[in-house]
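Every chain is numbered from 1, with letters handed out A, B, ... down the list of sequences.
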Protein chains: 2
Amino acid sequence: MKDPRFAEHLAVFVDVVRQGSFSGAGRRRGQTPSAIVRQIDALEHSLGVPLLIRSTRALTMTDAGERLFERAQPLLDQLTDTHAEIAAFDGAIAGTFRLACFPTFGKRYVIPAIERVMAEHPRLTIELDLTERLADPVLERLDAVIRIGRLADSTLIASKLADQCRLLIASPHYLARSGRPGTAAELAEHRLIDKLHGADLLGWSDVGRTAGGAAAIGPAVFRCDDFEAMRLAARAGIGIAFLPDWVIGTDVQAGELIRLPLEDEPWNAEPSGVWLLRALAQPSARLRIVSTALRETIGTPPVWTCG
Amino acid sequence: MKDPRFAEHLAVFVDVVRQGSFSGAGRRRGQTPSAIVRQIDALEHSLGVPLLIRSTRALTMTDAGERLFERAQPLLDQLTDTHAEIAAFDGAIAGTFRLACFPTFGKRYVIPAIERVMAEHPRLTIELDLTERLADPVLERLDAVIRIGRLADSTLIASKLADQCRLLIASPHYLARSGRPGTAAELAEHRLIDKLHGADLLGWSDVGRTAGGAAAIGPAVFRCDDFEAMRLAARAGIGIAFLPDWVIGTDVQAGELIRLPLEDEPWNAEPSGVWLLRALAQPSARLRIVSTALRETIGTPPVWTCG
DNA sequence: CTCCATCTTTGCCAAATGCGCAAAGCCGTT
DNA sequence: AACGGCTTTGCGCATTTGGCAAAGATGGAG
C-alpha cells in the first residue's frame with residue numbers, strides 16, 4: 001500500500017474523533033496538539049480527501065471522515081487482537097516488558113521476581129518504572145502496572161497478586177518508653193510517622209475515620225515519602241507507623257515491630273490487595289511469565305502475612 | 001496499541017515470507033536487506049516472539065510466524081480496501097498524484113491535461129516522472145504509469161486511454177531527393193533515424209521482421225533517445241523515421257511529414273495502445289479525475305489519428 | 001462588551017529514527 | 001576450495017518527527 005503509516009494514523013484519527021479535539025487526543029497519547037495535527041494532515045494527504053472540519057471549538061467529520069471512522073475501529077481491533085494473539089505465543093520469550101510500581105514494592109518483590117525471569121529468558125528485557133505516581137499503562141505504553149489498595153473502576157484488567165492489610169506498628173522499646181495505646185483515640189498522645197506525599201490509598205485519615213468521631217491523630221514527628229525509610233524509622237523507635245503489611249510484615253513476624261490491632265482494625269474491613277493491571281484483554285506471553293514469577297516470589301499466603 | 005508500526009511491519013513481514021528472503025523483499029520494496037531485517041526485528045521485538053528462523057539460504061516461519069502470516073493478508077487487504085474506499089471520495093480533491101510516462105508523451109499530452117485538472121482542483125499536487133524506463137508503480141510508489149504499445153502480463157490494472165499505430169514517415173523533400181521506397185526491402189537504400197536507447201516496444205526490428213526474411217535495414221544516420229528530436233530530424237529531411245502516431249500524427253495530417261504505408265503496415269496488425277496502469281483495483285478519486293482529463297486531452301478518436 | 005481559557009495552526013529547530021553502506025561471516029552449489 | 005548470494009551489524013548521515021512558542025480563533029463567563 002502506498003501509505004505504510006495508514007493504520008498508525010488511523011488510530012490517531014479515531015482518538016481525535018473520540019476525544020473531540022486534537023488537544024484531547026494529544027493528552028490521551030502524551031503528545032502535543034501540533035504532533036497530532038501533523039499526523040492527521042498526513043492521513044488526509046495520503047487519502048486525498050479531508051476528514052475533519054476544524055475550528056477552535058468544534059471538530060466535525062466530513063462524509064469521508066464518518067465513513068472512515070465507521071471502518072476504522074473493527075480494523076484497529078483486529079490488528080490489536082492479532083498482535084495479542086501472536087504475542088501470547090510463548091515458545092521463545094523476547095522483547096521488552098514495561099512495568100511500573102511503587103519503589104519499595106519494586107525493590108522488595110518485583111526485582112527478585114524479575115531476576116529469576118530474566119535468568120530463564122535471556123532475550124527478555126525489562127523496563128521497571130519505580131514511581132509514587134499512579135502510572136497509566138495506556139498513556140505511558142506500559143505492559144502492566146502494580147497497584148495496591150482498593151481499585152478505582154477503570155478499563156484496565158486486574159488480576160490479584162496478593163491480599164494486603166495495613167498495620168499500626170511500633171518498635172518494642174518505643175512502646176516500653178511511651179506506653180501502648182489501647183484505642184484509636186489514645187493515638188493523640190503518641191508520636192506518629194507519616195507519609196510525606198502519599199498516594200490516596202494510604203494515610204492516617206483512614207485510622208481516624210474508622211475509629212469514629214473526629215480524627216484523633218497525634219503529631220507526625222517523622223514524615224518521609226519512602227516506605228523503607230518509614231520502616232527503618234519505626235524500628236528505630238521514633239514513633240508509631242501505619243504501613244502496609246508487605247512493607248513490615250516480616251519485621252512483625254520476627255518481633256522487631258509490634259502490631260497494634262486497635263479496635264479490630266476496621267480499616268481492613270474491606271478487601272484490599274496487590275494487583276497487576278493491564279490494558280489488553282489477552283495477556284501476552286511475557287505478562288503471564290512475569291505474573292507467575294511475581295506470585296511465586298510473593299508466596300501463597302504472602303510471605304509478609306501476620307497471623 | 002503499544003506498537004503503532006505493527007501494520008506497517010506486518011506488510012514487510014508478508015513480503016519477506018512471499019519472497020522467501022530479506023533480500024527479495026528488499027528488492028520488491030526498493031530497500032536494502034539491512035532495512036528489511038531491522039523492520040522484522042522491530043516486529044519480533046514488539047510481539048516478543050520470533051517469527052522467522054533464519055539462515056543465509058533458507059527462511060522458515062515459526063509457529064507464531066505461520067499464524068501471523070495467516071492473519072496478516074486479510075488484515076492488510078482490509079486496510080488497503082478501506083484506504084481505497086475513502087480515497088475514492090471526491091468531495092474535495094487534494095493530496096499528491098504520482099505519474100510516470102515517456103517524456104515526449106508527457107510534455108505533449110499529460111501536462112496539458114494536468115494543467116486543466118490543477119486549475120479545477122487547486123489543492124491537488126502532481127509528481128510527474130518523465131522517464132524512458134518502464135516505471136514500476138508498486139516499487140516506486142506511483143499512483144499510475146502510462147505505458148505504450150502492447151502490454152506484458154502483470155498484476156497491474158490497465159485502462160486504455162487511446163489506440164496507437166507506428167508509422168514510417170519522411171519529409172516531402174527527403175522523398176523528392178532520395179526517392180520513395182515501395183517495399184520494406186528498399187529501405188536498405190535509405191538513411192534511417194533510430195532511437196538511441198529505446199524501450200523494447202519500439203524499434204526497426206519490427207519493420208524488418210514483419211517484412212519477411214533478414215531485416216532489411218539501412219544505416220541509421222541519426223540516433224537519439226528523444227522522440228521529439230527524432231520528429232524534428234525527420235521534418236528536417238535527415239531520413240526516414242519509424243515513430244508512434246502520437247508523436248507525428250499531427251505533422252502527417254498537416255502534410256509536413258508523409259506516411260509510408262509499406263505492405264499494409266503489418267507491424268500494426270495487432271492492437272496497440274496507450275494505457276494507464278495502476279496497482280489498486282479501486283481507482284482513487286484523483287486517478288479518475290486525471291484519467292478523464294487525459295482522455296479529453298487525447299480526444300476520441302485521438303487527435304493524432306491519420307485516416 | 002471585555003476578558004479568559006482553551007483550542008488550532010505553523011515556523012523553527014532539536015532530537016529521534018530509519019536507512020544505505022560496507023564489511024564480516026554463513027551456506028549451498030559447483 | 002571457490003563462488004555467489006544470503007544475513008547481520010556498526011557507523012554515519014539524511015530524513016522525519018515532534019516539542020516549543022507564538023499567533024489567532026472562539027465560546028463562555030462576568
Side-chain angles (χ1 to χ4, degrees), chain A residues 1-13 15-46 50-62 65 92 94-96 98 123 125 127 139-141, chain B residues 1-13 15-46 50-62 65 92 94-96 98 123 125 127 139-141:
Chain A
M1 181 169 46
K2 293 305 188 304
D3 184 6
R5 309 294 283 268
F6 178 55
E8 183 176 355
H9 296 155
L10 201 53
V12 175
F13 172 69
D15 274 356
V16 167
V17 171
R18 286 262 178 75
Q19 301 295 318
S21 69
F22 296 109
S23 297
R27 282 190 293 274
R28 175 104 167 59
R29 294 176 155 261
Q31 285 182 309
T32 61
S34 56
I36 302 297
V37 162
R38 287 189 176 109
Q39 291 171 73
I40 298 301
D41 281 348
L43 182 60
E44 286 180 327
H45 195 265
S46 152
L51 301 171
L52 296 164
I53 299 165
R54 298 123 136 117
S55 79
T56 52
R57 279 289 192 256
L59 202 61
T60 57
M61 288 185 280
T62 62
T96 303
R98 294 179 180 86
R123 292 171 59 238
T125 63
E127 285 181 16
L139 185 63
E140 298 175 46
R141 302 181 199 284
Chain B
M1 180 170 48
K2 295 301 188 306
D3 184 7
R5 309 294 283 266
F6 179 53
E8 182 177 357
H9 295 155
L10 200 53
V12 175
F13 172 68
D15 273 356
V16 168
V17 171
R18 286 265 177 72
Q19 302 296 317
S21 70
F22 296 112
S23 298
R27 281 191 292 273
R28 175 110 165 54
R29 294 178 154 259
Q31 286 181 307
T32 61
S34 55
I36 302 296
V37 161
R38 286 187 180 113
Q39 291 172 75
I40 299 301
D41 280 349
L43 181 59
E44 287 179 328
H45 193 264
S46 152
L51 301 171
L52 297 165
I53 299 166
R54 297 120 135 117
S55 77
T56 53
R57 278 286 191 260
L59 203 62
T60 58
M61 288 186 279
T62 62
T96 303
R98 294 181 179 84
R123 291 172 59 239
T125 63
E127 284 180 16
L139 185 61
E140 299 177 45
R141 302 183 199 283

*Are any non-hydrogen side-chain atoms of A:Phe22 and A:Val12 less than 4.5 angstrom apart?*
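They are not in contact (no side-chain heavy atoms under 4.5 Å apart), so the answer is no.
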
*asked:* Measuring only between side-chain heavy atoms, which start at C-beta, is A:Leu59 closer than 4.5 Å to A:Val17?
replied: no

*Bend across the helix from C:dC1-D:dG30 to C:dT30-D:dA1, to 10°, with axes taken over 5 pairs at each end?*
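It works out to 30° between the end axes.
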
*Salt-bridge present (B:Glu44, B:Arg38; N to O < 4.0 Å)*: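 Looking at B:Glu44 and B:Arg38, the cut-off is not met.
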
_B:Ser34 (side chain) and C:dC21 (base): donor-acceptor pair under 3.5 Å_ =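 By the distance-only test, yes, there is a pair.
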
*Hey, does the side chain of A:Thr32 come within less than 4.0 Å of D:dC20's phosphate (OP1/OP2), counting only N and O?*
no

*asked:* When you measure from the side-chain N and O atoms of A:Gln39 to the phosphate of D:dG18, is any distance below 4.0 Å, counting only OP1 and OP2?
replied: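 Checking D:dG18 against A:Gln39, a side-chain N or O does come within under 4.0 Å of OP1 or OP2.
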
Just how far, in rounded Å, is [atom2] of [N] from [atom1] of [X]?
X: B:His45; N: D:dT9; atom1: NE2; atom2: P; answer: 13 Å
X: B:Asp3; N: C:dT17; atom1: CG; atom2: P; answer: 13 Å
X: B:Ile36; N: C:dG20; atom1: CD1; atom2: C1'; answer: 12 Å
X: A:Arg27; N: C:dT6; atom1: CZ; atom2: C1'; answer: 9 Å
X: A:Phe22; N: D:dG18; atom1: CZ; atom2: P; answer: 14 Å
X: A:Leu59; N: D:dA25; atom1: CG; atom2: C1'; answer: 14 Å
X: B:Ile40; N: D:dT8; atom1: CD1; atom2: P; answer: 10 Å
X: A:Arg28; N: C:dC7; atom1: CZ; atom2: C1'; answer: 20 Å

_Side-chain donor/acceptor of B:Gln39 to backbone N/O of B:His9, under 3.5 Å_ =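 No, because the side chain of B:Gln39 does not come within donor-acceptor range (under 3.5 Å) of the backbone of B:His9.
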
*To the nearest 0.5 angstrom, please state how far the CG atom of B:Leu43 sits from the CD atom of B:Glu8.*
11.0 Å

*Once you round to the nearest 0.5 Å, how far does CZ of B:Arg18 lie from CZ of B:Phe13?*
11.0 Å

_Any residue meeting side-chain contact (heavy atoms from CB on, under 4.5 Å) with A:Thr60, in chain and number order, not counting sequence neighbours_ =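 side-chain contact (heavy atoms from CB on, under 4.5 Å) list for A:Thr60, sorted by chain: A:Ile53.
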
*asked:* Under 4.0 Å, heavy atoms only, any strand: does A:Arg29 hit a base, just the sugar-phosphate, or nothing?
replied: nothing

*Which nucleotide in the list D:dC6, D:dG19, D:dT7 gets nearest to the side chain of B:Arg54?*
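Among D:dC6, D:dG19, D:dT7, the one nearest the side chain of B:Arg54 is D:dT7.
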
Give every pair of a protein N or O atom and an N or O atom of nucleotides 12-15 of chain C that lie under 3.5 Å apart, one pair per line with the distance.
unit_1: C:dC12; atom_1: N4; unit_2: A:Arg38; atom_2: NH2; d: 3.3

*Of A:Ala35 and A:Arg5, whose closest DNA chain C nucleotide lies nearer the 5' terminus?*
A:Ala35

*If you count the non-hydrogen atoms of other residues, nucleotides and ligands that lie under 6.0 Å from CZ in A:Arg28, is the total more than 12?*
no

*Using a distance-only test with no angle check, is there a side-chain donor-acceptor pair under 3.5 angstrom linking B:Ser21 and B:Ser23?*
no

